[in-house]
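Counting from 1, the numbers follow the sequence of the chain as shown.
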Amino acid sequence: MAYVLLILISIGGLALCGFYLKKNIVRIKEKNKDEPKKYKRIWNYVPTGLWYGYLILFFAGLTINNTIF
């Protein structure tokens, strides 16, 4: 039962990561409309990509680790 709960939580975490990643990319696009310098526009995506990449890898690993008994 604990494995099923962990799998459901990790799949829910993946879904939330995808939802908030999409939401933050839209926010960054809106923010970048006012930024004239290209390097600053690109730099806005770097921390977001690193953070959500880490979260997605974590939840994917949690899912895979708990599906193999």
Open item on the list: Between I11 and F59, is there shared hydrophobic-cluster membership here, with clusters defined by ILVMFWY side-chain heavy atoms closer than 4.5 Å?
Closed with: no
Quick check on the hydrophobic clustering: are L16 and L8 connected, directly or via other members, by side-chain heavy-atom contacts under 4.5 Å?
no
Check the hydrophobic clustering (I, L, V, M, F, W, Y; side-chain heavy atoms under 4.5 Å; chains of links allowed) and say if Y20 and Y45 are grouped together.
-> yes
Residue pairs passing the side-chain hydrogen bond (donor to acceptor under 3.5 Å, both in side chains) test with at least one member in residues 46-64, sequence neighbours excluded, are S10-T63, N24-Y52
The complete set of salt bridge (Lys or Arg N to Asp or Glu O under 4.0 Å) pairs with one or both residues in residues 26-37, sequence neighbours excluded, reads E30-K33
All heavy atoms of L14 vs all of A60, minimum pair found to be CD2-N, 4.0 Å
Does L21 belong to the same Ile/Leu/Val/Met/Phe/Trp/Tyr cluster as L50, with side-chain heavy atoms less than 4.5 Å apart forming each link?
no
**OP:** Answer yes or no: is there a donor N or O on one side and an acceptor on the other, between the side chain of N44 and the main chain of I28, under 3.5 Å?
**Re:** no
